[in-house]
Participant: 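One structure, pasted below without further comment.
The figures here come from the full heavy-atom set of this structure, side chains too, leaving out hydrogens, waters and symmetry mates.
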Amino acid sequence: MSNASERLASLSPEEKRKLLAQLLEEKANNAVSASADVPPEYYQFDRYPEYLKLKEQQKQLKDLGISNPYFATQERVARDTTVIGGRELINYSTYNYVGMSGDPAVSQAAKEAIDRYGTSVSASRIASGEKPLHQQLERELAEFIGTEDCIVYVGGHATNVATISHLFGRNDLILHDSLSHNSILQGCLLSGATAISFPHNDAAALDKMLRERRHRYQRILIAIEGVYSTDGDIPDLPKFIEVKKRHKAFLMVDEAHSIGVAGKSGRGVAELFAVDPADVDLWMGTLSKTFASCGGYIAGTTAVVEYLKYTAPGFVYSVGISPANAAASLAAIQVLKAEPERVTRLQQRSNLFLNLARERGLDTGTSSGSAVVPIIVGDTLKCLQLSQALIERGINVLPLSAPTVPEGTARLRFFISCTHSEEQIYSTVEILVEELAKLGQS
């Protein structure tokens with residue numbers, strides 16, 4: 001027996017208790033001493049390096065005399081014009097593509113839904129939050145898109161995250177366009193699947209990647225968008241359908257910016273390309289743009305919709321979309337079906353803006369056939385200065401820079417609405433040219 005063991009054995013019970021208390025106190029003091037060495041950025045949000053970087057960027061802009069263009073308070077319905085700080089501005093920073101937000105019929109439907117069902121459904125739909133409006137909205141969406149069924153989620157971003165992460169896993173492969181929205185990327189990340197990007201809108205490159213990789217995985221998801229929200233371009237959907245069929249993959253199309261915009265009656269890129277909607281497995285869209293509400297949807301087969309409704313955590317454990325939001329979207333679909341001329345007018349206004357901008361030598365990138373027209377400036381500082389100059393001249397349009405878009409491609413992003421007049425568009429392009437010239441760029 002060691003000397004230490006002999007000494008411990010010779011102690012009385014009271015002496016042993018005191019020794020144990022002393023050892024515990026010393027251990028606690030050592031733990032406190034170790035905690036004292038933890039730097040504040042590990043436990044204080046205001047010391048996060050990322051937050052301090054944000055504050056430094058804001059200070060630099062302020063020192064340069066550039067106002068913060070973000071979080072400006074809109075003081076009325078945002079349509080072709082808006083009011084900020086008591087000033088009326090021509091507005092190009094709203095997704096109200098076909099003028100449904102603020103439409104009397106849409107607003108009235110939301111008010112009536114509140115009177116009948118309240119302001120919240122107060123539960124997840126699978127529990128006790130289901131309302132007739134939910135079912136009516138999903139039927140209308142499925143009919144409008146041309147699918148068997150539809151599921152409506154409470155948020156647009158959450159729709160992609162919840163669906164992709166739930167349907168695909170570690171034995172699967174997700175191939176997504178290199179310009180995919182953050183919600184698609186987050187869904188890929190949470191799924192645990194292997195996720196690889198393919199060159200933007202390049203179906204041939206996608207086909208080559210699948211020839212090399214298809215045999216290694218179980219399920220394959222191809223994720224593209226109907227209209228890319230930073231560039232305003234549209235993929236060649238039939239080519240992607242060909243690739244999907246050839247390699248026995250699933251195809252998902254995010255129509256956040258194409259539903260209500262593309263196609264003769266606004267039914268999206270399936271209508272635009274005259275393809276069978278059943279050739280796409282997952283039609284995703286948001287309710288916050290064309291449909292004047294808040295939320296998102298997945299339209300597809302009865303099987304995938306039923307499976308998601310009973311098992312997708314982002315649906316099962318989230319409250320159902322509010323009565324007002326459901327009613328607003330339902331009414332917006334009905335108005336759009338009755339007034340397809342809104343889509344025609346939107347497409348005319350969008351083409352007018354795009355063509356005028358190109359005629360004046362402005363860089364609109366690959367925008368074509370959508371209501372999103374970027375004016376690419378390149379330099380982030382010049383882009384911010386241009387945005388501020390336009391606000392001073394009565395035009396509200398926000399800048400977009402890295403990391404949202406690649407470095408050196410900072411831009412102003414114009415969202416066109418069917419409520420814009422031709423006069424507003426002509427004057428906007430002229431002012432754009434003038435202000436770019438002042439910055440030494442034409």
Participant: Which residue pairs satisfy the salt bridge (charged side-chain N to carboxylate O under 4.0 Å, His left out) criterion with at least one member in residues 187-202, sequence neighbours excluded?
Facilitator: none
Participant: If you compare all heavy atoms of Leu398 against all heavy atoms of Pro69, which two are closest, and at what distance to 0.1 Å?
Facilitator: CD2-O, 3.2 Å
Participant: Do Arg214 side-chain atoms and Gln218 backbone N/O form a donor-acceptor pair below 3.5 Å?
Facilitator: yes
Participant: Donor-acceptor pair, Gln347 side chain versus Cys418 backbone, under 3.5 Å?
Facilitator: no
Participant: Can you find a side-chain donor-acceptor pair between Glu112 and Gln108 that sits under 3.5 Å?
Facilitator: yes
Participant: So, Lys208 and Glu212, do they make that salt bridge, N to O below 4.0 Å?
Facilitator: yes
Participant: Mind listing the closest non-hydrogen atom pair of Thr159 and Thr163 along with its distance?
Facilitator: O-OG1, 2.8 Å
Participant: Could you tell me whether the side chains of His157 and Asn182 share a donor-acceptor contact shorter than 3.5 Å?
Facilitator: yes
Participant: Does any part of the side chain of Met100, heavy atoms only, come nearer than 4.5 Å to the side chain of Leu336, both counted from C-beta?
Facilitator: yes
Participant: Between the side chain of His247 and the main-chain N/O of Ala249, is any donor-acceptor distance below 3.5 Å?
Facilitator: no
Participant: Write down the atom of Gly268, the atom of Ile259, and the distance for their closest heavy-atom approach.
Facilitator: N-CD1, 4.1 Å
Participant: Would you call the rings of Phe250 and Phe168 parallel, tilted or perpendicular if under 30° counts as parallel and over 60° as perpendicular?
Facilitator: perpendicular
Participant: Quick one about Glu148 and Thr301 (side-chain donor to acceptor, distance below 3.5 Å, no hydrogens or angles considered), yes or no?
Facilitator: no
Participant: Are a donor atom and an acceptor atom from the side chains of Gln424 and Asp80 found within less than 3.5 Å of each other?
Facilitator: yes
Participant: Is the Tyr95 to Phe415 ring centre distance short of 6.0 Å?
Facilitator: yes
Participant: Are the ring centres of His166 and Phe315 closer than 6.0 Å?
Facilitator: no
Participant: Taking side chain as C-beta onward, heavy atoms only, is Ser318 less than 4.5 Å from Tyr153?
Facilitator: no
Participant: Minimum heavy-atom separation for Ser178 and Ser197, please, with both atom names.
Facilitator: CA-CB, 3.9 Å
Participant: Do Asp177 and His200 have a side chain donor and acceptor closer than 3.5 Å?
Facilitator: yes
Participant: Could you tell me whether the side chain of Ser107 and the main chain of Asp103 form a donor-acceptor pair under 3.5 Å?
Facilitator: yes
Participant: Output yes when a side-chain donor or acceptor of Gln385 lies under 3.5 Å from a complementary backbone atom of Ile66, and no otherwise.
Facilitator: no
Participant: Is there a donor-acceptor pair under 3.5 Å between the side chain of Thr409 and the backbone N or O of Val405?
Facilitator: no
Participant: Output the distance between atom CG (Asp207) and atom CG (Leu175), rounded to the nearest 0.5 Å.
Facilitator: 11.0 Å
Participant: Look at the side chain of Arg360 and the backbone N and O of Val429, then say whether any donor-acceptor pair between them is shorter than 3.5 Å.
Facilitator: no
Participant: Which word best sums up how the rings of Phe240 and Phe198 line up, parallel for under 30°, tilted for 30 to 60°, or perpendicular for over 60°?
Facilitator: tilted
Participant: Are the side chain of Trp283 and the backbone of Asp254 linked by a donor-acceptor contact shorter than 3.5 Å?
Facilitator: no
Participant: I'd like to know whether His134 forms a side-chain contact (heavy atoms from CB on, under 4.5 Å) with Val121, so could you lay out the CA-CA distance, the side-chain angles of the two residues, the decisive distance to 0.1 Å, and finally the verdict.
Facilitator: CA-CA 10 Å; His134 294 137; Val121 301; 3.7 Å; yes
Participant: Would Ile220 and Asp172 satisfy side-chain contact (heavy atoms from CB on, under 4.5 Å), going step by step from the backbone distance to the final call?
Facilitator: CA-CA 6 Å; Ile220 303 286; Asp172 303 327; over 6 Å; no
Participant: Given side chains that start at C-beta, do those of Ile234 and Phe273 come closer than 4.5 Å, heavy atoms only?
Facilitator: yes
Participant: Between Lys245 and Asp279, is the closest basic N to carboxylate O distance under 4.0 Å?
Facilitator: yes
Participant: Should Val372 and Arg413 be marked as a side-chain contact (heavy atoms from CB on, under 4.5 Å) after you check the CA-CA gap, both sets of side-chain angles, and the distance that decides it?
Facilitator: CA-CA 7 Å; Val372 181; Arg413 185 170 52 162; 3.9 Å; yes
Participant: Looking at side-chain heavy atoms only, is the closest gap between Asn96 and Ser101 below 4.5 Å?
Facilitator: yes
Participant: Mind checking whether Leu287 and Leu141 have side chains closer than 4.5 Å, heavy atoms only?
Facilitator: yes
Participant: Side-chain contact test, heavy atoms from C-beta onward, threshold under 4.5 Å: evaluate it for Thr94 versus Gln74 and give yes or no.
Facilitator: no
Participant: What heavy-atom pair brings Arg267 and Glu255 nearest, and what distance separates the two atoms?
Facilitator: O-OE1, 4.2 Å
Participant: Looking only at the side chains, is there a donor atom on one of Asp233 and Asn201 sitting less than 3.5 Å from an acceptor on the other?
Facilitator: yes
Participant: So, Lys244 and Asp281, do they make that salt bridge, N to O below 4.0 Å?
Facilitator: yes
Participant: Does one side chain, of Thr364 or Arg358, offer a donor that lies under 3.5 Å from an acceptor on the other?
Facilitator: yes
Participant: Enumerate the residue pairs fulfilling side chain to side chain donor-acceptor pair (under 3.5 Å) with a member in residues 392-401, sequence neighbours excluded, ordered by first and then second residue.
Facilitator: Asn91-Asn396, Arg393-Glu434, Arg393-Glu435
Participant: Taking the side chain from Ser387 and the backbone from Cys383, do they hold a donor-acceptor pair closer than 3.5 Å?
Facilitator: no
Participant: Is the closest side-chain donor-acceptor distance between Tyr92 and His420 under 3.5 Å?
Facilitator: no
Participant: Check step by step if salt bridge (Lys or Arg N to Asp or Glu O under 4.0 Å) holds for Arg125 and Glu138.
Facilitator: CA-CA 13 Å; Arg125 287 174 57 189; Glu138 288 169 343; 2.7 Å; yes
Participant: side-chain contact (heavy atoms from CB on, under 4.5 Å) between Ser417 and Arg349: does it pass, once the steps are laid out?
Facilitator: CA-CA 7 Å; Ser417 167; Arg349 299 292 190 268; over 6 Å; no
Participant: Should Leu210 and Val243 count as side-chain neighbours, where that means a heavy-atom distance under 4.5 Å?
Facilitator: yes
Participant: Tyr48: which residues meet the ring pair (Phe, Tyr, Trp, His ring centres under 6.0 Å) condition with it, sequence neighbours left out?
Facilitator: Phe45
Participant: Keeping the roles fixed (side chain from Ser293, backbone from Asn325), state whether a donor-acceptor pair exists under 3.5 Å.
Facilitator: yes
Participant: Drop me the distance from Ser265's OG to Phe144's CZ, to the nearest 0.5 angstrom.
Facilitator: 5.5 Å
Participant: Under 3.5 Å, is there a donor on one side chain and an acceptor on the other for Thr344 and Arg342?
Facilitator: no
Participant: Let me see the working for Asp115 and Lys111 under salt bridge (Lys or Arg N to Asp or Glu O under 4.0 Å), right down to the final yes or no.
Facilitator: CA-CA 6 Å; Asp115 289 340; Lys111 294 172 185 176; over 6 Å; no
Participant: State the CD1-NZ distance between Ile321 and Lys131, to the nearest 0.5 angstrom.
Facilitator: 13.0 Å
Participant: Is there a side-chain contact between Asn160 and Met284 (heavy atoms, below 4.5 Å)?
Facilitator: yes
Participant: Report the C-alpha distance between Asp363 and Arg411 in whole Å, list the side-chain angles of each, state the deciding distance to 0.1 Å, and finish with yes or no for salt bridge (Lys or Arg N to Asp or Glu O under 4.0 Å).
Facilitator: CA-CA 9 Å; Asp363 185 355; Arg411 65 199 61 191; over 6 Å; no
Participant: Under 3.5 Å, is there a donor on one side chain and an acceptor on the other for Ser180 and Glu225?
Facilitator: no
Participant: Where do Pro399 and Leu384 come nearest, in terms of heavy atoms and distance?
Facilitator: CG-CD2, 3.6 Å
Participant: Would you call the rings of Tyr297 and Phe291 parallel, tilted or perpendicular if under 30° counts as parallel and over 60° as perpendicular?
Facilitator: tilted
Participant: Closer than 4.0 angstrom, basic N to acidic O: yes or no for Arg345 and Glu339?
Facilitator: no
